[in-house]
2 protein chains.
Amino acid sequence: MNRPSPTEEDLIQEFGNLYESYGLKRLEGLIVGLLLTQDEPVSLDGMVTLLGHSKGPISIAVRRLDDIGLVKKVNGPVNRRNYYAAHPDLFYNNFQFNMATVRKNRQMAERFLARLEEEEENGQAETVENLKHMRLFYQLMESFYQDFSAQWRKVKQQRLDGDASEKENGEDASRPETSALSE
Amino acid sequence: MNRPSPTEEDLIQEFGNLYESYGLKRLEGLIVGLLLTQDEPVSLDGMVTLLGHSKGPISIAVRRLDDIGLVKKVNGPVNRRNYYAAHPDLFYNNFQFNMATVRKNRQMAERFLARLEEEEENGQAETVENLKHMRLFYQLMESFYQDFSAQWRKVKQQRLDGDASEKENGEDASRPETSALSE
DNA sequence: TGGAACGTTTTGAAGTTTCCAAACGCCGGA
DNA sequence: TCCGGCGTTTGGAAACTTCAAAACGTTCCA
């Protein structure tokens with residue numbers, strides 16, 4: 001349980017802001033940020049003292065984060081306590097959330113298209129047209145997400161392999177061939 | 001100003017739910033949903049009667065939707081009125097929002113990495129490691145988003161060309177070569 | 001069989017959001 | 001210049017969210 005440095009404090013707060021802007025709970029972001037700065041698992045009471053929030057909300061937030069796979073229950077020094085760490089696939093798991101909503105959007109378009117098709121009413125041509133646009137868009141997006149998913153797994157594997165054999169070489173050797181990043 | 005059919009009513013409500021779950025305003029979703037069912041532009045008062053909400057909130061919501069490019073001011077029958085329609089690139093513009101947050105995430109990782117690097121304190125190794133993971137993830141994601149962006153523009157162009165030459169052929173002829181979609 | 005050490009649930013207060021109703025301001029046309 | 005139609009802003013009520021404090025339940029150990 002290392003007390004965060006000032007920079008790490010800022011990091012934690014930024015994660016709070018980030019999660020808040022996503023429509024999630026600020027406290028959940030604070031917890032995730034905190035765990036990213038800790039090399040050892042943190043207990044509930046640890047979070048209470050490190051974050052300065054009270055136990056009730058933290059208990060609930062941590063359970064939720066565990067449910068959605070952003071945080072992981074792990075073993076720690078004291079037996080009776082629950083210890084948590086950032087999930088090793090935190091970012092990827094969070095992404096899978098987005099992927100699910102993309103799929104939901106596509107399915108929504110398809111569901112309504114089917115409904116309109118069997119109704120055969122007139123005056124709904126524009127709706128049908130827009131739903132087809134929507135379906136096409138999210139179909140394409142879904143396929144990109146799946147490709148991304150596969151690629152990331154590959155990159156992550158390379159990263160693990162690299163760490164195992166040639167530890168300590170400063171920069172990442174395993175960066176994939178990406179298109180040039182703007183800015 | 002066509003009163004939505006029952007199915008279209010459902011569609012509008014679902015858009016409300018969707019936007020709400022994104023952390024946006026439910027009313028904004030209702031408006032977007034409504035405009036997707038209308039083949040003619042709708043005035044503010046039109047939305048009031050079609051949605052059954054009052055004018056104040058609609059005025060604000062519509063302005064915001066216009067700002068972020070999900071809705072477009074267009075000309076309509078009566079001169080003094082403001083008419084709105086769903087933006088032709090609604091889904092794409094919404095996606096660009098996501099792309100911006102991905103970029104922000106990458107930049108956040110880089111910003112803190114730079115800060116930690118120049119501080120040279122110890123006990124922050126885990127934070128650095130996690131931030132490198134974060135950076136790598138969002139770098140890859142960003143490059144996929146850019147590829148998707150380019151591809152979508154191409155698909156959209158094909159779609160327009162197709163519509164212009166061979167109108168009315170039931171199904172989309174311009175679907176791109178995507179990987180197989182699950183389910 | 002206590003009782004200490006936990007995590008969870010409940011309660012209530014404070015803040016925030018969301019909405020309607022109504023007042024307001026602006027712009028054209030009589 | 002007044003008046004009617006329109007969008008915007010304001011005020012306030014109701015619902016919801018977020019959090020701390022404290023009561024509660026459970027488990028392990030003396």
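Between the CZ atom of B/Arg81 and the P atom of D/dG4 there is a distance of 17 Å, given to the nearest Å. Atom CG in A/Asn82 sits about 5 Å away from atom P in C/dG7, given to the nearest Å.
Between B/Ser5 and A/Glu119, the side chains place no donor N or O within less than 3.5 Å of an acceptor N or O (distance only, hydrogens not considered). Donor-acceptor pairing under 3.5 Å is recorded for the side chains of B/Arg26 and B/Asn17. Using a 3.5 Å distance cut-off with no hydrogens or angles, the side chains of A/Gln157 and A/Asp161 do pair a donor with an acceptor.
Near DNA chain C, meaning a heavy atom under 4.0 Å from it, residues 18-41 of chain A has no residue at all. DNA chain D lies under 4.0 Å from at least one heavy atom of each of the following residues of residues 43-64 of chain B: B/Leu44, B/Asp45, B/Lys55, B/Gly56, B/Ser59, B/Arg63.
Counting heavy-atom neighbours within 6.0 Å of A/Asn75 CG, excluding the residue itself, gives a total of 12 or less.
Aromatic rings of A/Tyr22 and B/Tyr22 (six-membered ring for Trp) have centroids beyond the 6.0 Å cut-off, not under it.
In plain terms, the two heavy atoms of B/Tyr19 and B/Gly29 that are nearest each other are CG-CA, 3.4 Å.
Note that B/Lys156 lies in the cation-pi zone of B/Tyr92, set by a 6.0 Å cut-off to the ring centre and a 45° limit from the axis.
Atom-to-atom distance recorded for B/Ile12:CD1 and B/Leu51:CG is 6.5 Å, nearest 0.5 angstrom.
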